[in-house]
Amino acid sequence: MTQKLKGIGASSGISISKTYVLKQPDFHVTKHDVSDIEAEKNKYQNALDLTVTQLNQIKSIANDKLGSDKAEVFEAHVQIANDPEIKNEIWTTIEQDKCNIDFIVDKVYDKYRDIFKAMDDPYFKERAADIVDVKKRLLSNLLGINLPDIMSINQEVILVAHDLTPSETALLDRKFIKGFVTEIGGRTSHAAIMARTMEIPAVLGVENILQKISDNLIIAINGNSGEVEIEPAYLIEWQNKKAAYEKEHEELKKYINVETKTLDGHKVHVESNVGKPIDATLALQYGAEGVGLYRSEFLYMDNDHWPTEDEQYEGYKSVLEKMNKKLVVVRTLDIGGDKKLSYFQFPAEMNPFLGWRAIRVCLAKPDIFRTQLRALGRASVHGKLGIMFPMIATIDEFLQAKEFAHKIFAELKQEGHSVSDEIQIGMMVEIPASAALAAQFAKHADFFSIGTNDLIQYTFACDRMSQNVAYLYQPNNPALLKLIKMTIDGGHTNKRWVGMCGEMAGDPTSIPLLLGLGLDAFSMSSTSMPKARMIINNLHLSECQALAEEALKLQTFKEVNDLVAKFLTSKNLI
């Protein structure tokens, strides 16, 4: 019987095949007392050694299939397994509770999983899956329970699972695995990222699909729209969609390494958002004209200590060198709110998203800020560097941060370090107050980068992760478009360039509007860049300006979306 379901399109492509339901072992553990604590410790150490060996083997397989950058996730898994804080907590707990080691491993790893799951940022939220992956492998080795043998699949199938861990995804064979569907997960999960690298269609977050499906059913999935159809009634329609997608996919390849320019000659930049130095490799593969957002917080989140000046210097230097004189914009430390550190205790706040976070933390903790700015200053000679401060609300805040940066750069020069004289210092526009004062900010900032994820959240007073108010998360609402126009106009009045690094920058339904409003740089996930460039290169700036002008006169999100859909349809771009 045909069933239509909806999830999150996480990896582009359309696939039609038989189902293979991935059954996970039951790791339900119960607590019981033990008399021989040393024996439990030895069991843990032996299981840990075997886990690390297995992860290194998977890393080697992933290196061959996905490249060294994607294989690095398994080095992170080894670090999680060997994390001294986790190991010490397991050691301490067994001494105190004198109970079975499998129960302790389950309890401790779940604690760290919950810390990451509670975070609002989708990328960090998905890191909980890494902890679960390592825990499952440890428990399998402790209990002698085998994990699913994905490598034994030898026929064309679409995998259906509650979730796919990074290690499971790395073992997928494209020859046989034609797609996968999971009940949980999102676009920023490692499974999704790896699927995009291997060009395997994937739909995640399809609730309760395991209750509606069994092995060997015909299933069709659309990794672009998130559509899933079990035993489709009109198979020919899916086959036609698949053929059309594959044709478009081939055509998009010609937009990977071309200049981004409208039909009437207006040039803009299509750039990449990166989280780690290894992400710059993928950015270049997809034709990035720069890095519009380097999230420096990953250097802090992936550590068990404040990263040193040298550790940060190496991270920034790596990306600057890879990008070969293309602008790399580094966002200074953006922690607080949902982004916590295991080695730093944030004060309890009623509403942490409106509290002590981002630039507010850096200005209050000058030693931490100094270390990062010193690393950035030293790295600046290895490429073209831009630095932007997040969560700026007032001109006083920006001036204080900018003056502090110049002071640090002067100190570096006095010590004999080389520092580029061409570092651009700008700011994120993600608070309505900074959009309203954009013309004044532009007298002091070298550039603006609009962070639409937070700007939308603060404009409509809606938590973007809350399903109850998800209807208020409206990128193309005229109110937001007016704030964006105010920001762009304010920057251009003072001859400053204005970019955008939020999800809106890569949204095909927003791109014509942003182009018409005058945006100079669009920064997005690497895999979104060819489509964005294709859209821009097939539009006239004058038409987009007229479209944006008309959109600003409308009243609702739906009216704007309908207007853009009609416009793009007339251009055969959707």
Side-chain angles (χ1 to χ4, degrees), residues 291-300 303 305-321 327-336 339 341 344 346 356-431 433-434 437-449 451 491 494-497 499:
V291 170
L293 169 63
Y294 179 175
R295 300 180 178 95
S296 70
E297 58 268 26
F298 289 116
L299 292 167
Y300 298 78
N303 252 311
H305 61 275
W306 292 107
T308 66
E309 180 181 324
D310 285 343
E311 287 171 337
Q312 293 189 59
Y313 164 75
E314 290 298 332
Y316 306 139
K317 172 175 175 279
S318 172
V319 174
L320 285 161
E321 288 181 336
L327 180 64
V328 174
V329 177
V330 178
R331 178 172 67 190
T332 57
L333 179 58
D334 187 8
I335 54 168
K339 301 171 190 172
L341 302 175
F344 180 73
F346 283 87
W356 197 56
R357 55 177 297 203
I359 195 63
R360 302 164 185 183
V361 174
C362 290
L363 293 177
K365 297 285 184 181
D367 289 346
I368 294 168
F369 202 18
R370 176 181 284 107
T371 300
Q372 179 169 37
L373 290 170
R374 283 181 61 88
L376 285 166
R378 287 171 55 198
S380 65
V381 296
H382 298 286
K384 188 176 180 181
L385 176 65
I387 298 172
M388 63 180 176
F389 305 128
M391 200 73 180
I392 293 289
T394 70
I395 287 177
D396 289 339
E397 276 181 325
F398 180 77
L399 290 177
Q400 186 181 349
K402 182 180 178 180
E403 288 166 9
F404 189 69
H406 283 308
K407 176 186 174 184
I408 299 305
F409 298 156
E411 289 177 359
L412 285 169
K413 289 178 181 179
Q414 289 175 355
E415 295 171 13
H417 293 287
S418 296
V419 178
S420 172
D421 293 323
E422 298 180 356
I423 299 174
Q424 298 183 46
I425 297 182
M427 58 178 274
M428 297 277 288
V429 175
E430 48 194 340
I431 296 175
S434 56
L437 279 181
Q440 284 73 25
F441 273 109
K443 295 175 183 177
H444 309 286
D446 294 327
F447 65 90
F448 294 145
S449 183
N494 291 277
K495 296 182 171 55
R496 309 303 192 197
W497 65 266

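These numbers come from the heavy atoms of this one structure, side chains and all, not from hydrogens, waters or symmetry mates. Everything quoted here is computed from the prediction, not taken from an experiment.
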*Return the minimal non-hydrogen interatomic distance between V291 and V319, and the atom names on each side.*
CG2-CG1, 4.4 Å
*Decide if atom NZ of K384 counts as having more than 12 heavy atoms of other residues, nucleotides or ligands within a radius under 6.0 Å.*
no
Donor-acceptor pairs under 3.5 angstrom involving side-chain atoms of residues 437-448: please list them, not counting sequence neighbours.
residue : atom : partner : partner atom : Å
D446    : OD2  : I425    : N            : 2.8

*Report the distance from atom CH2 of W306 to atom NZ of K365, rounding to the nearest 0.5 Å.*
8.0 Å
*In Å and rounded to the nearest 0.5 Å, what is the CD to CG distance from Q400 to L363?*
4.5 Å
*Return the minimal non-hydrogen interatomic distance between F389 and I387, and the atom names on each side.*
CE2-CG2, 4.1 Å
*If you round to the nearest 0.5 Å, how far is CG of D421 from CZ of F409?*
11.0 Å
_Rounded to the nearest 0.5 Å, what separates atom CD in Q424 from atom CG in L327?_
5.5 Å
*Which atoms form the tightest heavy-atom contact between A433 and A393, and what is the distance?*
CB-O, 3.9 Å
*Which pair of non-hydrogen atoms, one from M391 and one from I431, has the smallest distance, and what is that distance?*
O-CD1, 3.8 Å
Return all side-chain donor-acceptor pairs below 3.5 angstrom for residues 371-381, not counting sequence neighbours, or 'none' if the list is empty.
residue : atom : partner : partner atom : Å
T371    : OG1  : D367    : O            : 3.1
Q372    : OE1  : L333    : N            : 3.0
Q372    : NE2  : S296    : OG           : 2.9
Q372    : NE2  : Y316    : OH           : 3.0
R374    : NE   : E309    : OE1          : 2.7
R374    : NH1  : E415    : OE1          : 3.3
R374    : NH1  : E415    : OE2          : 3.0
R374    : NH2  : E415    : OE1          : 2.9
R378    : NH1  : E309    : OE2          : 2.9
R378    : NH1  : D310    : OD1          : 2.9
R378    : NH2  : D310    : OD1          : 3.4
S380    : OG   : G377    : O            : 2.6
S380    : OG   : S420    : N            : 2.9

*asked:* More than 12 heavy atoms of other residues, nucleotides or ligands under 6.0 Å from NZ of K407: yes or no?
replied: no
_Using 0.5 Å steps for rounding, measure from the CD atom of E297 to the CG atom of D334._
5.0 Å
*With rounding to the nearest 0.5 Å, note down the distance linking CG in L385 to CD in E422.*
11.0 Å
*asked:* Using side-chain heavy atoms (C-beta onward) and a distance below 4.5 Å, is V329 in contact with R331?
replied: no
*asked:* On a heavy-atom basis, which atom in M388 and which in L293 lie closest, and how many Å separate them?
replied: CE-CD1, 3.5 Å
*asked:* Is it the case that the side chain of Q312 and the backbone of P307 share a donor-acceptor pair, with hydrogens and angles ignored and the cut-off at 3.5 Å?
replied: yes
